[in-house]
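In what follows, a structure is listed as structure tokens, so that the remarks can point back to it.
From a predicted model like this one, the values you see are computed outputs, not experimental measurements. Whatever order the structure lists them in is the order used to number ligands and atoms, beginning at 1. If you read the sequence from its start, that first residue is 1, and numbering goes on from there.
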Amino acid sequence: MLLTENAPAPARMIDPAFLNDVLTGLGRSPKATPPIWFYDRRGSELFEEITDLPEYYPTRTETALLAAHGADFAAAVGEGRAVVEFGAGSSRKTPHLLRAIAPAAYVPIDISGDFLHASSAALAAAFPGLPVLPVVGDFNRPLALPGAIEGLPRLGFFPGSTIGNMEPDAAVDLLRAMRRLLGHDAKLLIGMDRIKDQDRLIAAYDDAQGVTAAFNLNLIERINRELDGDMPIADFAHRAIWNDEKARIEMHLEAQKTLHFHVAGQYFQMDAGETIHTESSHKYGTRDERLLLRAGGWEPVKAWTDDEGLFGLVLAEAG
Ligand code: AVJ
């Protein structure tokens, strides 16, 4: 059956990509699932809650950087660009940038049509006269930009340290794809979370209120509901660990005893203490930031950070 891009999937239809990622991921050793599947409606709500937690510094730090350095962005980027945001625009971050640089058009790209159209409508209302041209699609795959921005110089905007979810090789591939998509003369403003004190990092992913735990565990609820699973949610615990070797926070779901369960008719077994690795969030030193960008075809030109050096916002130009 063919579904149009924006039609919600019928309630009982299984998303084949979700099914495939979960069955493959649970069949692998060690078990691992991609973080994209966190974001069903409930997961997106929980992520919003995470961004307000006292321990979760990235969102408020990056937002403050965007609010504080508008004049710098305007000087470095100039007016009249098409801003291409990788991800649906956040109502908190994007307006600061758009206000500062007076772009000629705004193109948010997101895989979730519902979310994208809601956020696009809000931004269009806040910026009357600015053409807002949402593109529903997966920016990890080849896609086309709207014809209306043909000929305009582009500024890519990739906030949130979302790049950190990717292994270095995939991050480089994505940066190169962005470089190709945005064309010559393009610039890129990207948020990258910094390496810092381990306790602070762990607290940001294992908060006192347990919101991040609920976010991680929600994946099990989603699997049970959407993929006909019987995973015993009460027998899993949220774990956030700092992997110093790879400079990343890892989230895991740890089996609290020997477990037996099914997903979509397939049987799985887990030993006590075995985990499902559900997310990696890479952190970068200042040189790492620049090295990663250069490897991806972008030459860093300027970086902004907060007083504590918690988070970096880097401007780069197509190399
Ligand atoms: C949206 C990928 C940037 O890695 O900090 C927050 C997701 N996971 N708490 C991050 C997340 C757990 C977040 N990113």
Side-chain angles (χ1 to χ4, degrees), residues 32-63 65-66 85-94 108-112 115-116 119 138-140 157-168 170-171 174-175 189-220 222 236-243 246-254 275-284 288-289 292 306 310-314:
T33 49
I36 47 166
W37 303 113
F38 282 137
Y39 301 92
D40 63 354
R41 181 181 291 272
R42 179 79 188 124
S44 300
E45 283 167 9
L46 287 165
F47 179 67
E48 281 301 307
E49 270 185 61
I50 287 172
T51 64
D52 281 330
L53 291 169
E55 297 95 332
Y56 194 75
Y57 60 85
T59 308
R60 77 175 62 84
T61 308
E62 185 180 40
T63 304
L65 290 174
L66 287 164
E85 179 162 355
F86 298 93
S90 123
S91 58
R92 270 192 283 175
K93 293 178 192 174
T94 310
I109 306 172
D110 200 279
I111 198 161
S112 156
F115 196 59
L116 179 66
S119 69
D138 178 353
F139 56 71
N140 282 297
F157 182 42
F158 195 31
S161 201
T162 307
I163 189 90
N165 266 181
M166 271 155 256
E167 303 284 334
L174 178 60
L175 288 167
L189 185 63
I190 181 170
M192 296 168 103
D193 196 12
R194 292 262 171 95
I195 297 172
K196 59 185 63 63
D197 175 68
Q198 167 172 332
D199 294 340
R200 183 122 194 213
L201 281 167
I202 291 173
Y205 293 84
D206 196 6
D207 62 279
Q209 291 168 62
V211 181
T212 310
F215 174 73
N216 198 6
L217 288 159
N218 178 59
L219 180 67
I220 294 177
R222 184 178 187 188
F236 283 92
H238 167 67
R239 294 282 176 256
I241 61 164
W242 171 245
N243 180 334
K246 295 190 171 173
R248 68 191 193 192
I249 286 282
E250 294 176 3
M251 296 208 312
H252 294 259
L253 291 163
E254 185 189 80
T275 74
I276 306 168
H277 180 181
T278 51
E279 183 177 50
S280 294
S281 193
H282 292 80
K283 309 301 170 186
Y284 308 93
D288 302 330
E289 278 167 12
L292 186 66
D306 52 289
L310 297 177
F311 196 92
L313 195 57
V314 186

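- Where the criterion is an N or O separation shorter than 3.5 Å, residue side chain and backbone included, Glu279 meets it with respect to ligand 1.
- The backbone N or O of Gly160 lies less than 3.5 Å from a partner atom in the side chain of Glu62, making a donor-acceptor pair.
- The single protein non-hydrogen atom nearest to atom 4 (O) of ligand 1 is Ser281 OG, 2.7 Å, given as residue, atom name and distance.
- Taking the six-membered ring where the residue is Trp, the centroids of Phe215 and Phe38 are separated by under 6.0 Å.
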Side chain to side chain contact (heavy atoms under 4.5 Å, CB included), that's the test. Do Ile111 and Tyr39 meet it? Break it down for me. CA-CA 11 Å; Ile111 198 161; Tyr39 301 92; over 6 Å; no

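- If you look at Tyr57 next to ligand 1, there are no close heavy atoms at all, none under 4.0 Å.
- Under the 3.5 Å distance criterion, with hydrogens and angles disregarded, a donor-acceptor pair is assigned to the side chains of Asn216 and Thr278.
- Summary of contacts: the protein heavy atom closest to atom 3 (C) of ligand 1 is Gly160 O, 2.9 Å.
- Near Tyr39, the atoms of ligand 1 lying under 4.0 angstrom from a non-hydrogen atom of the residue are 1 (C), 7 (C).
- A donor-acceptor pair under 3.5 Å is formed between the side chain of Asn165 and the backbone N or O of Ser280.
- Looking at Phe38 against ligand 1, nothing comes within 4.0 Å, counting heavy atoms.
- The single protein non-hydrogen atom nearest to atom 13 (C) of ligand 1 is Tyr56 OH, 3.4 Å, given as residue, atom name and distance.
- Checking only distances, Tyr205 does come within under 3.5 Å of ligand 1, N or O to N or O.
- Not one N or O on the side chain of Asn140 forms a donor-acceptor pair closer than 3.5 Å with the backbone of Leu174.
- Distances below 4.0 Å separate heavy atoms of Asn165 from the following atoms of ligand 1: 2 (C), 4 (O).
- More than 12 non-hydrogen atoms from other residues, nucleotides or ligands lie less than 6.0 angstrom from CD of Glu167.
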